[in-house]
Amino acid sequence: MSEPLRLGIAGLGTVGASLVRVLKEKHNFLAARCGRPIEVVAVSARDRKRKRDCDISGMRWYDDPVELAADSEVDVFVELIGGDDGPADESVRRALESGKHVVTANKALLARHGVELAEMAEEKGLLLNFEAAVAGGIPIIKAMRETLTANTITRVFGILNGTCNYILTRMELEGLGYQECLADAQRLGYAEADPTFDVEGYDTAHKLAILTSLAFGTQIASDKIYVEGISNITPADIQAAADLGYRIKLLGVAQKTDTGIEQRVHPTLVPVDAPIAQIHGVTNAVAIDGDIVGQLVLSGPGAGGMATASAVAGDIADIAKSLPGPQTVPSLGTPAEKLQPYEQARMRAHEGGYFIRLSLNDRAGAFASIASRMAEQDISLQSIVQHRTGQETDDSPETAQPVILVTHRTTESAIRAAFEKIGADGHLAAKPQMIRIEQ
Ligand code: HSE
């Protein structure tokens, strides 16, 4: 058997601790598969005294992950700290400068500095592996980086955040409110330290930024992604969508269009019988439209210590198997220096169907006025449903009434123009809800 592969792990939170346990429990199994043992020789975390769910005795301790990254007896630096700057960024750079392969689960770091870090790794013939950064345990990075290389990809989309899917699933199946479901997701350890990242769609946007680069051979521009989260989705939306044969999912979508690459994250109505609609709870799914393969849908656990540790361990094992020898796999599928800048399609040019929930002052002409504002923008309506509340009396005939509209394919700019006019007409009792439909 060859020399051991020596790891330094920075970050011993849920994922780090799970990884240490997995590497210990599967030591012999992995050694047999990789042709060399994998040893954790050094670790770093914020608080040395903290009680943690893994045994780190016999491992060198570093308070500073950047020092760990420069340890000459470490072959692979595993970054599980998180964050797009600071210690995570500094330590990954130091590791690459010191000639170490890097494995990271850090989507925020890659979304911001991924191309630069990939260039550094490739210049030095090192591997920068990040399977765990997108969709937890689903092997989507390797599939896109290597297996699908011959395909021209036209669209990649998916449920990329377990917390949001968990919340939406429970709201739908149990009729619960948003806050209650969020609290449970946090208690179960699915949500990020700051749940805003999950529920407002930024976590999905970081992952989508990485998938876009892999799909289209482009540079990464995560700050330009259109992002809307799920915090304003109500049980009324979920119920109305269900009545019309849809489920609401937070999707990240990257798609080639005539005006550039569309990159968007938002709650989306998907037909209840679509494969993506069958993805429940913390599970993630990624769908890829390729010209040779057709549509591929991969699903699996997208969050949680063990699922993420599975992906990190796989990345480490890949390095263990490939050593020694030249490292020739570009981190982002295309050599980093060849990744192209790209034109991003404007959100206003987006085309699709729309679900609109209005709260309408129930008076003569209100309905006709809405329909005519839609017609002015050439928006054709596929269905109109008015749920009467039955609360109005002769004394107060203006009780607000929920009205649900579903449009045929139209443009975002037409919808926004119609909304402006409808708002000014004074028939709305509350802010309208608009959710895009993905077929
Ligand atoms: N917080 C993320 C999620 C997991 O809920 O999917 C890590 O990306």
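Whatever order the structure lists them in is the order used to number ligands and atoms, beginning at 1.
- Looking only at atom types and distance, the side chain of Y226 has no donor-acceptor partner in the side chain of E412 under 3.5 Å away.
- Atoms of ligand 1 found under 4.0 Å from any heavy atom of D203 (numbered from 1 in listed order, with element): 2 (C), 8 (O).
- Q263 and T212 form a side-chain donor-acceptor contact under 3.5 Å, judged by distance and modelled atom types alone.
- When only modelled atom types and interatomic distance are considered, H408 and T410 share no side-chain donor-acceptor pair under 3.5 Å.
- Close contacts of ligand 1 with N161, meaning ligand atoms under 4.0 Å from a residue heavy atom, involve 2 (C), 3 (C), 5 (O), 6 (O).
- Annotation for ligand 1: atoms under 4.0 Å from non-hydrogen atoms of A303 are 3 (C), 4 (C), 6 (O).
- Although no hydrogens or angles enter the test, the distance criterion places a donor-acceptor pair under 3.5 Å between the side chain of T169 and the main chain of G281.
- Close approach of ligand 1 to K207 (heavy-atom distance below 4.0 Å) involves ligand atoms 2 (C), 6 (O), 7 (C), 8 (O).
- Close approach to G162 involves these atoms of ligand 1, each under 4.0 Å from a residue heavy atom: 3 (C), 5 (O), 6 (O).
- Close approach of ligand 1 to D198 is summarised as follows: ligand atoms under 4.0 Å from at least one heavy atom of the residue are 1 (N), 2 (C), 3 (C), 5 (O).
- A donor and an acceptor atom, one from each side chain of E343 and T259, are nowhere located under 3.5 Å apart.
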